[in-house]
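Take a look at the structure below.
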Protein chains: 2
Amino acid sequence: MAVGIRDVARAAGVSTATVSRALGKGPVSEALREQVEAAVRATGYRPNLSARRLRSQAAQTIGLIVADIRNPFFTAVSRAVEDAAYQAGMRLILCNTGEDAEREALYLRLMQEERVTGVVFAPTRRTAERLRPEDFAFPLVLIDRTGPPGGHDGVVLDNLAAGAALVDHLVEQGFSRIGGLFGSTSSTAEERRDGYGAAMRRHGLEPRIRTVLPDAEPAEAEVARWLAEPGRPEALILSNGLILMGAVRAARAAGLDLPGGVALAGFDNEPWTDLVAPGLTVIEQPVAEIGAQAMGLLFDRLKTPGQPVRKVVLSGRLIARGSTARR
Amino acid sequence: MAVGIRDVARAAGVSTATVSRALGKGPVSEALREQVEAAVRATGYRPNLSARRLRSQAAQTIGLIVADIRNPFFTAVSRAVEDAAYQAGMRLILCNTGEDAEREALYLRLMQEERVTGVVFAPTRRTAERLRPEDFAFPLVLIDRTGPPGGHDGVVLDNLAAGAALVDHLVEQGFSRIGGLFGSTSSTAEERRDGYGAAMRRHGLEPRIRTVLPDAEPAEAEVARWLAEPGRPEALILSNGLILMGAVRAARAAGLDLPGGVALAGFDNEPWTDLVAPGLTVIEQPVAEIGAQAMGLLFDRLKTPGQPVRKVVLSGRLIARGSTARR
DNA sequence: GCGGACTATGAAAACGTTTTCACAGCACCT
DNA sequence: AGGTGCTGTGAAAACGTTTTCATAGTCCGC
């Protein structure tokens, strides 16, 4: 049943070494190469990747660890990473932490045990802080989130600028009681918060900051509470797509229409954001670019291990829609 | 640098066999087990999974091959499959074919080479037709899509009933010029189409069927064309979430509101479907159940290889919303 | 007190490849 | 003619585990 390289070698009348070379890149005469290929077809041979990896000590595998695969931002980035891996002849292991530090640790351990070539990782803040390069035998590139400076290569959005851009836009549209609801688990949400805060103060406005687990349900609950309070904000900034969705739900449930009842502006130009109500104003992230750059950094580091740590900062693009129209 | 089981054995003053047994389930005295664990901690040993798999001939890995990870239906199913795999102590390899037969073949080959324990697969119609059990050394469970009867275990929606249910609902709401737009690549879309056709005829109505690549852009283009024709349908049935999204876009672009301009009903209760306009009527699929059942079938077959092929058929649930309100 | 059954352990084989090493054959240079 | 260097090939080692096999020790029933 299980046909191995020995069987192919026997069928082709050559040694296993020759079969290996014919299938790989070793020097083999044209005649033998054809014999081997015929034998492979005849026997239906499929190489055993575990054996190959064990012997050649090259996993040809990259790991991708994301926080939440339901978040379209991460699925889009995954596609880009997958394409790059595929083009480089590498396999991809995709893992999902659900923003859970324990699962992050589990999957990082798994990557070590798989002896992967490299890893692209979107860590929670807690994990990012204790990520030490010397603990890993492979290059680790952070995306979306970032750790302490100088640790690992990374590619992130210019979150301070993006947070500020949303404030500037809302102020320009005539809003002033602008609240900000940010995810609690990522450095990215923190930076967006800081950009928001700085811009508010620059405009002479008082920041109103709240924090929530970055998922739709908790966000909806928090926004519902907020909108029920006296002196509730005229406008809200939401730090990612899931939180934005929760906010839309809460506004809808409170009977507030956009932007009259409350204005909303968020992150991630997800496919549905232009379909709801008057259209949602968002900062679009260059998702494909993020994935591609991450793989670029990874391959560069594999080629030149000693080079200084690099951090690529990409700019978002404001897409103004009806949810923040002038009051 | 690379610490192996030999190093642990030396540090603990035992043989490699004992280390292996202490880490696995073999019989080892308590004293030695503790010595070994201490040595593991001291050396920072991480087992090499390639070596382990090669020797033990148990990959402890299941493969999941889906058509399009951007489709929330598949991401939801993935979560369920991942949870089940995780609970069974297995790793998951997730692959994305983009409805491309060539990539399907590539990934199936990869699964063979990885010597996976089993595979869960949502094949295109073309691939499903030529899928022969004897070509695979592992159990293969089909989800969402299905192949010729008796081939592989599978779990699918009752698509005929679901297609018919949408027709019944629309007729009940007073629509009669009801068109159906179905994906071109899956058996599932075909079944939904047949359910639609049968129900239409049962109501004495003429089916109007069109077919499109199951993605938002092609669907939008096709619906735009359709809605511009004379005698255009009053209502449309869309065979999955991406096609539904394209239809919403096209209706919006044509200046038609829902359900006055055109009524829409589709598949997959995606998170955004209740947010757009008057809410979209959909058939909700039991996504978690589908994933869980698929893994159940897989494990059953691993346990009892000889048992007859089973096909689990689950029912969808109609969620009526404003997009099909009575005219 | 002795044989038999069981337990814990170590030495060595085995998993299926790739890679190293040795060498035969041949062309080329002096 | 005799190195020298290159090319293609096979035998065997190597990758890091788990598993088989053998063995020494212990317990138990008679």
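Keep in mind that what you see is a predicted model, and the values were worked out from it rather than measured. The sequence lines fix the lettering, A, B, ..., with proteins before strands; numbering per chain opens at 1.
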Can you name the side-chain contact (heavy atoms from CB on, under 4.5 Å) partners of A:A105, sequence neighbours left out?
-> none

With sugar-phosphate meaning primed atoms plus P, OP1 and OP2, does A:L32 contact a base, only sugar-phosphate, or nothing at under 4.0 Å between heavy atoms?
-> sugar-phosphate

In chain order, what residues pass the side-chain contact (heavy atoms from CB on, under 4.5 Å) check against B:A59, with sequence neighbours excluded?
-> B:R53, B:T61, B:T117

Per-helix bend value, the helix from C:dG1-D:dC30 to C:dT30-D:dA1, C1' rotation axes over five pairs per end, 10° rounding, shows 40°

All side-chain contact (heavy atoms from CB on, under 4.5 Å) counterparts of B:E113, not counting sequence neighbours = A:R46, A:P47, A:L49, B:R109

Counting primed atoms, P, OP1 and OP2 as sugar-phosphate and everything else as base, the B/S/- map of nucleotides 17-26 of chain C against protein heavy atoms under 4.0 Å is BBBB------

With the threshold set at 4.0 Å, does a side-chain nitrogen-carboxylate oxygen contact exist between A:R145 and A:E99?
-> yes

Residues in side-chain contact (heavy atoms from CB on, under 4.5 Å) contact with A:A22, at least two apart in sequence or another chain | A:V28, A:V36

Separation of atom CD in A:Q57 from atom C1' in D:dG16, rounded to whole Å | 8 Å

Quickly work out the B:L54 CG to D:dC15 P distance and round it to whole Å.
-> 14 Å

Could you name each residue pair satisfying side-chain hydrogen bond (donor to acceptor under 3.5 Å, both in side chains) that touches residues 3-30 of chain B, not counting sequence neighbours?
-> B:S15-B:T18

Contacts of B:N240 meeting side-chain hydrogen bond (donor to acceptor under 3.5 Å, both in side chains) (sequence neighbours excluded), chain-then-number -> none

List in chain and number order the residues that pass ring pair (Phe, Tyr, Trp, His ring centres under 6.0 Å) with A:F138, two or more places apart in sequence or in another chain; answer none if no residue qualifies.
-> A:F136

